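Scroll down for the structure; my scribbles are underneath it.
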Amino acid sequence: MLYREAGDFKTTYGEDSQTFPIRFDRLGYYVTLLVAFGVIPLIINDYWASAVLLPFLIYAIAAIGLNILVGYAGQVSLGTGGFMAVGAYAVYKLMTSFPDVPILIHVLLAGFVTAAVGVLFGLPSLRIKGFYLAVATLAAQFFLVWLFNKVPWFYNYSASGQITVPQSKMLGYYITGPQTSATAKYLFCLIVLVGVAVVARNLTRGTVGRKWMAIRDMDIAAEIIGVNPLNAKLTAFAVSSFFIGIAGALFFAVYLGAAEVTEAFNIQKSFLILFMVIIGGLGSIFGSFAGAAFLVLLPVFLKNVLVGQLGWPTDLAAHLELMIVGALIVAFLIAEPHGMAQLWRLAKEKLRLWPFPH
Amino acid sequence: MPVSHAEEGYITADGRQIGGTLMELRNITLRFGGVVAIKDISFDIRDGEIRAIIGPNGAGKSSMLNVISGFYIPTEGEVYFKKVKRGPMKPYEVARLGIARTFQNIALFDGMSVLDNIMTGRLTMMKSGLLSQAFWYGAAAREEYAHREKVERIIDFLEIQNIRKTPVGRLPYGLKKRVELARALAAEPKLLLLDEPMAGMNVEEKEDMSRFILDLNDEFSTTICLIEHDMGVVMDLSDRVVVMDYGRKIGDGTPDEVRNNQDVIDAYLGVAHD
Amino acid sequence: MPDQVLYAMEVTLNGLMTGVMYSLVALGFVLIFKASGVFNYAQGVLALFAALTLVGLQNGQVPFAHVINATLGTNLSTFGWQLPALLAILLTAGVMVVLAIIIERLVLKHLVSQAPIILFMATIGLAYFLEGLGDVMWGADIKKLDVGLPQGISDTIERVTDGWFGYGFFIDNLDIVATVVAVLLVAALTIFSQYSKQGRALRAVADDHQAALSVGISLRFIWVLVWSIAGFVALVAGIMWGTKSGVQFSLSLIALKALPVLMLGGFTSIPGAIIGGLIIGVGEKLFEFIMSSPDLGGAWFGFTIGATENWFAYVLALLFLVFRPQGLFGEKIIERV
């Protein structure tokens with residue numbers, strides 16, 4: 001009764017290829033936007049922002065970026081942490097060198113810097129494929145972390161090796177620095193996320209998206225029908241790194257405030273985002289959101305239960321959390337290797353027929 | 001066997017226009033290490049005709065098609081397309097010349113829908129850049145819909161409207177072959193190469209496919225070069241036939257000429273020769 | 001002989017030894033990849049788990065003591081006994097076999113036809129799980145591993161090289177033992193793989209699951225066998241590394257060191273794992289030595305850099321791969337249309 005396509009005819013190609021063709025979905029999308037922009041900023045507090053909402057928004061951006069590279073273009077990358085670091089350090093250098101430029105510009109510029117670095121480290125993908133490529137991207141990960149740790153120019157020669165974000169304002173509100181309100185941080189990240197998601201959606205439904213998927217599915221055939229593999233793969237690395245760099249910049253500047261590269265952007269971060277993409281669903285923008293939400297909420301939930309409810313010592317809880325996350329990942333991969341996006345799709349299929357069974 | 005260099009066209013018995021030489025292969029030899037897949041073969045393909053390459057298994061037909069499509073670079077010999085010598089090119093550059101093909105083992109993109117697969121055929125003609133696609137509304141969207149319209153005509157032509165949103169991985173073999181043909185057609189090629197288009201089909205499907213091929217050639221003046229095992233199909237469809245055996249050319253002419261050629265008969269019946 | 005050359009020789013020898021240690025871990029990867037096409041990220045954690053279990057059994061620790069204490073309020077720690085090293089090793093090997101069976105039944109069986117990236121991610125999940133399990137079972141504090149292997153600098157070598165060169169080389173006794181063990185292990189594994197019935201079955205499974213099934217090879221048995229052998233190799237690696245630097249979490253990160261070895265040597269080659277390990281070990285140590293020395297790197301380039309060991313192995317392997325995408329000994333990937 002609720003979820004129907006019948007009677008909803010599309011008369012132009014534009015309508016046929018829109019993001020939410022089913023009216024119910026469109027409504028759901030508008031409601032979500034309304035809540036995100038209208039309701040949450042009014043009720044948000046520091047705890048929720050820093051524990052759940054900000055990480056979710058920022059990791060969602062990174063997951064969208066990685067999904068483009070791994071899910072759409074089929075190039076496995078384990079260097080996400082390193083690229084986020086590039087974004088973070090780029091925005092740091094930009095903000096400290098040009099303090100009067102609005103932070104949004106700096107974040108975008110940091111994205112471009114990361115895109116360039118991404119293209120550089122993506123060059124091996126022209127010769128190396130599959131697993132070998134994944135391991136090759138680890139070279140990027142380790143090298144970049146070492147670089148930002150050892151070369152003092154990157155952290156402005158500070159004694160601690162840490163980078164701390166300078167205060168900055170936009171439109172009269174603090175966006176970074178200790179005086180920033182949770183609402184400002186949240187809205188800033190939300191706006192960037194919506195922009196990223198829209199651009200990602202547009203790219204993946206057009207020509208370049210098809211080129212990526214062609215390379216992913218059968219790169220030899222793709223080349224034979226006219227796809228230039230160099231162009232397609234490097235574009236994937238560029239766009240993906242652009243988004244991941246933005247995420248890294250936001251992660252440091254808005255969320256953490258201060259960062260040390262070996263803690264904040266190590267290989268565990270790369271795995272985390274890759275898990276989000278795979279559990280969320282490869283090749284799906286919605287999946288990137290779902291995976292980010294899942295892997296942000298899970299540790300928070302576990303900590304509340306284990307330490308809060310059962311009163312166990314925190315180190316024991318941390319070990320158990322590791323076990324549970326590991327087990328859940330394996331279980332998820334066994335049960336639904338196509339991720340939450342697939343589960344969602346199946347649920348919608350059932351819903352379209354409800355209350356009929358088939 | 002002389003290679004015909006006729007420059008004037010002619011009109012076939014059923015009223016189709018055949019033009020001059022479109023593609024010419026001269027003294028093609030293809031070696032893989034010690035194995036000689038093709039030995040000194042020359043023939044031509046004329047504009048607007050349907051040319052078949054036939055021969056027993058292992059004769060080197062698919063390799064020949066790969067040479068024509070630029071995927072293999074011949075060890076010796078030259079390829080001329082539209083009278084211009086074609087140097088070693090990357091496969092995607094060849095696609096832009098106007099040569100499209102289908103594959104023996106189906107090379108579709110399983111993760112995409114039928115519509116998206118066929119749209120990939122239009123890639124060489126899509127011009128909008130990354131930035132314009134990122135913003136979608138405006139130039140990129142207009143180009144997308146213009147190409148969509150062309151693709152929809154092909155979908156109508158091949159009668160696959162009801163499966164356009166289906167992921168290709170889920171389709172049965174016969175429909176996959178049709179989608180692959182659609183993708184090749186979407187490129188509006190000058191020369192269409194078909195690698196065993198009838199393989200694995202039953203009689204009705206073969207009749208459908210034959211009809212499509214003839215219509216293609218008739219309506220769009222597409223030159224077609226196909227590899228096929230089914231003799232009935234070959235004799236009915238083609239204007240001229242090349243026969244290969246053990247990497248050499250043993251026959252070249254109209255279906256009737258080839259049918260009565262003793263070497264060809266021997267090859268198929270398996271008479272040993274040097 | 002000039003000092004720098006002597007230092008370089010010493011560094012090279014140490015590099016070779018380190019390389020052998022890397023190879024020990026890489027071997028486990030190769031075995032599993034050969035037989036099941038799975039890249040087992042958990043191999044490093046298996047080594048850690050094996051080492052933890054060994055120490056725990058040797059010292060009579062109560063497994064899960066921490067959890068039991070937390071829930072029941074007790075204060076358990078040890079059973080009070082000490083097991084002889086050899087017995088503890090045998091028992092731990094048994095534990096690894098049981099672990100292999102459990103992993104096959106709960107994880108591998110269900111992921112048979114999935115894409116390699118999914119399998120890889122599953123092994124990462126497995127790694128997290130085992131790491132947590134090891135900590136919960138035996139505690140996360142650093143432990144000393146002692147199964148009677150000789151430690152410390154080798155006096156013999158020091159004396160001998162002093163006699164030859166006037167400069168005594170510092171080579172660890174442990175590294176020498178590790179080299180011998182590694183050679184024996186590789187020889188045993190190669191013989192097993194080439195000449196035994198099971199070894200042949202293993203190679204069949206690595207080539208084509210379906211075909212192997214159709215000639216009656218039990219896929220599941222082979223997988224249990226392979227993961228058990230890999231577990232045993234992990235145990236050996238765990239003993240070596242654990243004796244060298246103590247049993248602690250960083251042991252599991254050794255896996256990350258093995259990856260460049262595999263990239264270089266090819267994921268499916270046992271000799272490749274050894275040669276790759278040697279090249280990486282020597283390359284890494286020499287690069288660090290040259291770049292951090294004011295007389296060499298400092299003089300040539302005008303600056304010195306340190307801690308390059310974090311990434312040099314990867315860059316070296318990456319360069320190799322660009323020229324030879326399947327590694328030195330890996331199988332060439334042939335694609336046909």
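Bear in mind that the values here come from a model prediction, so they are computed numbers and not experimental data. Per chain, numbering begins at 1; letters A, B, ... match sequence-line order.
Contact annotation for Asp116(B): both backbone and side-chain heavy atoms come within less than 4.5 Å of a heavy atom of chain A. Of the atoms belonging to Tyr137(B), it is side-chain heavy atoms, and not backbone ones, that fall under 4.5 Å from chain A. Neither the backbone nor the side chain of Ala100(B) comes within less than 4.5 Å of any heavy atom of chain A. With a 4.5 angstrom heavy-atom cutoff, Ala238(A) does not touch chain B via any of its atoms. For chain B, the nearby part of Thr235(A) is the side chain; its heavy atoms alone come within less than 4.5 Å. Heavy-atom distances place the backbone of Leu108(B), and not its side chain, under 4.5 Å from chain A. For Thr120(B), the parts lying under 4.5 angstrom from a heavy atom of chain A are both the backbone and the side chain. With a threshold of 4.5 angstrom between heavy atoms, Glu93(B) does not approach chain A through any atom at all. For chain A, the nearby part of Met126(B) is the side chain; its heavy atoms alone come within less than 4.5 Å. At a 4.5 Å heavy-atom cutoff, Leu131(B) makes no contact with chain A through either its backbone or its side chain. Contact annotation for Arg122(B): neither backbone nor side-chain heavy atoms come within less than 4.5 Å of a heavy atom of chain A.
Sparse packing is recorded around CZ of Arg170(B), with 12 or fewer heavy atoms of other residues, nucleotides or ligands lying under 6.0 Å away. Other residues, nucleotides and ligands place more than 12 heavy atoms under 6.0 Å from the CZ atom of Phe220(B). Around the NZ atom of Lys150(B), the shell of radius 6.0 Å holds no more than 12 heavy atoms that belong to other residues, nucleotides or ligands. Atom OH of Tyr29(A) sits in a sparse spot, with 12 or fewer heavy atoms from other residues, nucleotides or ligands closer than 6.0 Å.
A heavy-atom distance below 4.5 Å is found between the side chains of Ile224(A) and Phe103(B). Between Leu130(B) and Val239(A), some side-chain heavy-atom pair lies under the 4.5 Å cut-off. Inter-residue side-chain proximity for Tyr92(B) and Val227(A) is flagged as unmet; no heavy-atom pair is nearer than 4.5 Å. Within the 4.5 Å cutoff, no side-chain heavy atoms of Phe109(B) are placed close to those of Arg216(A).
Taking all atoms of both residues into account, the shortest heavy-atom contact from Thr207(A) to Glu144(B) is N-OE1, 4.2 Å. Heavy atoms only, all atoms of each residue included: Glu149(B) and Tyr13(A) are closest at CA-OH, 3.7 Å.
To the nearest 0.5 Å, atom OG of residue Ser69(B) and atom CD1 of residue Ile225(A) are 13.0 Å apart. Interatomic distance, CE of Met213(A) versus CG of Asp110(B), reported as 13.0 Å (0.5 Å rounding). Rounding to the nearest 0.5 Å places CD1 of Ile118(B) at 11.0 Å from CZ of Arg210(A). In this structure, the separation between CE on Met112(B) and CG on Asp217(A) is 5.5 Å, given to the nearest 0.5 Å.
In this structure, Arg205(A) satisfies the cation-pi test against Trp136(B), with its NZ or CZ atom closer than 6.0 Å to the six-membered ring centre and inside 45 degrees of the ring normal.
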Worked check of side-chain contact (heavy atoms from CB on, under 4.5 Å) between Ile220(A) and Phe71(B): CA-CA 10 Å; Ile220(A) 297 188; Phe71(B) 191 58; 3.7 Å; yes

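Counting heavy-atom pairs closer than 4.5 Å to chain A, the top-ranked of the candidates Ala187(B), Ala140(B), Ala134(B) is Ala134(B). Contact count versus chain A (heavy atoms, under 4.5 Å) is highest, among Ala95(B), Gly70(B), Pro91(B), for Pro91(B).
Of the possible polar contacts, one joining the Gln133(B) side chain to the Val208(A) backbone as a donor-acceptor pair under 3.5 Å is found.
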